[in-house]
Amino acid sequence: MADKLTTRAVDFSRWYGDVIAAAKLADNSDVKGCMVIRPNGYAIWENIQRQLDGMFKETGHQNAYFPLLIPESYLKKEKEHVEGFNPQLAMVTHAGGGKLTEPYVLRPTSETIINRSFKLWIQSYRDLPMLINQWANVIRWEMRTRMFLRTTEFLWQEGHTCHETEADAEEETLKMLEVYRVFAEEWMAMPVMAGRKTDSEKFAGANRTYSIEAMMQDKKALQAGTSHNLGQNFAKAFDTVFQGRDGQQHHVWQTSWGVSTRLIGGLIMTHSDDAGLVVPPKLAPQQVVIVIIGKGEERAPAYARAVQLAAELKKAGVRVKIDNDEGKPMGAKFYQYEMEGVCVRMDLGPKDLAKEQCVLVRRDDIKNKLSVPLGEAVAKCQSLLEEMQKAMFEKAKAFRDANTFEVNSYDELKARANDGFLLAHWNGDPKIEAQIKAETKLTTRNRPFSLKQEPGKCIVTGEPSVGRIVFSMAY
RNA sequence: CGGGGUGUAGCGCAGUCUGGUAGCGCACCUGCUUUGGGAGCAGGGGGUCGGAGGUUCGAAUCCUCUCGCCCCGACCA
């Protein structure tokens with residue numbers, strides 16, 4: 001643990017891996033692309049889950065669980081869907097000592113198997129809307145994997161809903177995208193652009209896909225969440241129908257939306273620094289650590305005081321622990337907690353007690369040591385956590401805004417390819433989009449709602465454009 | 001699947017060319033000392049050297065085959 005991390009400037013990718021190892025978030029496993037999520041990493045996921053789950057419940061959704069194994073024939077029912085997912089499927093062909101008559105697919109997403117249930121559950125418009133969410137693991141056979149960002153197996157939630165009208169489905173799609181936006185910005189302190197994906201970037205089987213896109217510290221984009229308006233594509237494939245107010249049978253209008261453990265990768269690449277992990281207080285496994293300083297007998301009074309303070313902090317809902325281990329030098333502990341991303345460190349030793357104060361250090365501002373009277377320490381810890389949450393968002397937002405540019409020619413787009421988010425006019429033709437991708441590696445991220453759409457000329461063809469769209473290098 | 005790299009202790013590596021029965025740093029364990037930014041000393045535990053086969057009196061080292069992992073591309077949340 002005494003080793004320093006690779007710095008971001010030297011090698012961003014290695015730095016990312018070093019942070020994950022140093023903060024004990026995850027290990028590689030013996031299965032390619034699959035990772036072991038360690039307690040520190042899983043605690044972040046649990047905090048993400050707890051908050052999002054509450055938000056889903058508030059918007060009327062219920063959790064359910066559907067099988068991991070999906071008959072292959074289900075996937076094949078929706079043409080675009082099967083074409084999109086085929087290369088990524090893992091299949092169970094043998095079980096119970098023999099070959100199966102029909103292979104089972106390990107779910108890459110659950111639209112098909114959930115429609116099988118929707119078909120049974122829904123009879124009339126009175127059963128709508130049907131608002132279901134599932135917390136699950138999924139398997140997608142990826143060529144190239146990266147911890148948290150793209151793993152063969154990942155954890156996620158997938159919302160699946162059915163509605164009476166197309167407008168209701170569209171409203172739901174946008175509502176859940178907004179839930180994601182609020183969660184990303186208020187809980188992850190990660191500014192995102194919410195907007196619509198182009199047809200070539202949309203989900204296989206959807207009519208429209210919306211996403212939230214964040215900017216990482218290397219100026220690459222990360223698609224952090226998606227929400228799809230599925231139209232009646234799956235309903236028609238699975239014959240998911242309801243009797244309408246008009247007495248006739250209609251196919252339901254559906255949505256699906258999801259975020260995954262990829263968010264943890266986004267968290268790391270948005271906020272962490274060369275000293276290690278930085279996590280927003282609202283999601284941090286450990287918010288405060290009290291480090292006892294001193295030798296032998298002189299530690300006892302500090303420890304006794306720390307126990308009191310920790311009890312008060314816990315009562316106030318703060319996740320706190322005390323480090324009274326005398327075996328390690330203080331400095332080593334400081335570096336350790338910085339790598340692990342503990343939000344606030346309180347140093348408490350004989351010198352502090354003599355002055356009735358303690359030293360507080362905020363993780364996103366480690367050079368700034370604050371001396372705080374012990375009587376105010378609990379309140380100060382709480383306010384530091386709140387300030388840190390806000391400061392992290394503001395810092396990330398300032399970075400994103402400083403690396404977002406309008407570009408007005410193809411040459412300029414090429415020249416600035418690695419500079420961040422590039423707002424450019426494009427004629428809407430998928431072929432031009434593909435050409436740009438092939439020539440520059442830049443992809444369209446989305447058409448942000450916040451970006452006022454004014455007509456212009458396509459930077460490649462000079463043809464009319466309805467408005468600028470965001471191009472960026474992406475994960 | 002193509003290109004490159006690499007497998008020796010938990011991690012990082014040396015040893016391989018020139019075969020002689022495995023070593024270093026960190027981590028870990030015990031004891032003493034130490035404590036306001038990565039501690040010191042002493043002692044200790046842990047590896048059938050990715051796997052299989054071969055050559056040899058003898059293989060981490062040479063030969064053959066095989067497997068895994070990492071990085072770069074095509075694919076993708």
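Residue numbers start from 1 in every chain, and the chains themselves are labelled A, B, ... in the order their sequence lines are given, proteins ahead of strands. Computation of the quantities below employed the complete heavy-atom set of this structure, encompassing side-chain atoms and omitting hydrogens, waters and symmetry-equivalent molecules. Treat the numbers as computed from the prediction; the structure is a model and nothing was measured.
Using a 4.0 Å heavy-atom cutoff across all strands shown, Glu142(A) reaches at least one base atom of the nucleic acid. Lys367(A) comes within contact range of no nucleotide atom at all, as no heavy-atom separation falls under 4.0 Å. Among the protein residues, Arg345(A) comes within range of the nucleic acid bases, having at least one heavy atom under 4.0 Å from a base atom. At a threshold of 4.0 angstrom between heavy atoms, the contacts of Leu149(A) include nucleobase atoms, whether or not backbone atoms are also involved. Residue contacts shown for Phe154(A) include a base, since a base heavy atom lies under 4.0 Å away. Counting non-hydrogen atoms under 4.0 angstrom, Thr151(A) reaches a base of the nucleic acid. Looking at heavy-atom distances under 4.0 Å, Ser260(A) makes contact with a base.
Side-chain contact check for Glu111(A) versus Asn233(A): every heavy-atom pair is 4.5 Å or farther apart. Using a 4.5 Å heavy-atom cutoff, the side chains of Met55(A) and Met176(A) are not in contact.
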Worksheet entry | Derivation and outcome, ring-ring contact (aromatic ring centres under 6.0 Å, His included), residues His228(A) and Tyr210(A) | CA-CA 6 Å; His228(A) 315 292; Tyr210(A) 299 90; 9.1 Å; no
Item to complete: Tell me, with the steps shown, if Phe56(A) and Trp257(A) meet ring-ring contact (aromatic ring centres under 6.0 Å, His included).
Response: CA-CA 11 Å; Phe56(A) 297 156; Trp257(A) 27 273; 5.2 Å; yes
Worksheet item: Could you walk me through whether Phe118(A) and His160(A) pass the ring-ring contact (aromatic ring centres under 6.0 Å, His included) check?
Response: CA-CA 10 Å; Phe118(A) 281 159; His160(A) 294 270; 7.1 Å; no
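Looking at the side chain of Tyr335(A), the nearest of the listed nucleotides U35(B), A39(B), G38(B) is G38(B). Distances from the side chain of Pro350(A) to the nucleotides C75(B), G36(B), G38(B) place G36(B) closest. Checking G36(B), C75(B), G38(B) against every side-chain atom of Val359(A), the shortest atom distance belongs to G36(B). Side-chain proximity of Pro329(A) to A39(B), G36(B), A74(B): nearest is A39(B). Closest to the Arg299(A) side chain, of the nucleotides A74(B), U35(B), G38(B), is U35(B). Looking at the side chain of Phe334(A), the nearest of the listed nucleotides U35(B), G36(B), G37(B) is G37(B). Proximity note for Glu326(A) (side chain, C-beta onward) versus U34(B), C75(B), G38(B): the nearest is U34(B).
Only the C1' atoms considered, G38(B) is 14 Å distant from A27(B), to the nearest whole Å. Comparing the same atom, P, in U64(B) and in C70(B) gives a spacing of 27 Å after rounding to whole Å. Nucleotides G68(B) and U30(B) place their P atoms 40 Å apart, quoted to the nearest Å. Comparing G23(B) with A9(B), their P atoms are spaced 13 Å from each other, to the whole Å. Between G37(B) and G7(B), the distance separating the two P atoms is 40 Å to the nearest Å. Across G15(B) and U8(B), the matching C1' atoms stand 9 Å from one another, rounded to whole Å.
On a pure distance criterion of 3.5 Å, a polar donor-acceptor pair joins the side chain of Glu338(A) and the base of G37(B). If you check distances only, the side chain of Lys441(A) never reaches the base of G73(B) with a donor-acceptor pair under 3.5 Å.
Taking atom CZ of residue Arg14(A) and atom P of nucleotide C11(B), one finds them 17 Å apart after rounding to whole Å. Following rounding to the nearest Å, Ile293(A) (CD1) and G37(B) (C1') show an atom-to-atom distance of 9 Å. Rounded to whole angstrom, the span from the NZ atom of Lys437(A) across to the C1' atom of A74(B) amounts to 10 Å.
Applying the 6.0 Å contact sphere to CD of Glu356(A) captures more than 12 heavy atoms from other residues, nucleotides or ligands.
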Check: residues 5-13 of chain A side-chain donor-acceptor pairs under 3.5 Å, at least two apart:
residue  : atom : partner   : partner atom : Å
Thr6(A)  : OG1  : Asp18(A)  : OD2          : 2.6
Thr7(A)  : OG1  : Val10(A)  : N            : 3.4
Arg8(A)  : NE   : Asp274(A) : OD1          : 2.8
Arg8(A)  : NH1  : Gln217(A) : OE1          : 2.6
Arg8(A)  : NH1  : Ser272(A) : O            : 3.3
Asp11(A) : OD1  : Ser13(A)  : N            : 3.1
Asp11(A) : OD1  : Arg14(A)  : N            : 3.1
Ser13(A) : OG   : Arg146(A) : NH1          : 3.2

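Partner assigned to G46(B) is none, using Watson-Crick or G-U wobble distances below 3.5 angstrom. Checking G2(B) for Watson-Crick or G-U wobble geometry (two distances, each under 3.5 Å) identifies C72(B) as its partner.
A salt bridge links Asp27(A) to Arg38(A): at least one charged side-chain nitrogen sits closer than 4.0 Å to a carboxylate oxygen.
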Check: protein-nucleotides 67-70 of chain B nitrogen or oxygen pairs below 3.5 Å:
residue : atom : partner  : partner atom : Å
C69(B)  : OP1  : Lys32(A) : N            : 3.0

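There is a side-chain donor-acceptor pair under 3.5 Å between Thr161(A) and Thr255(A).
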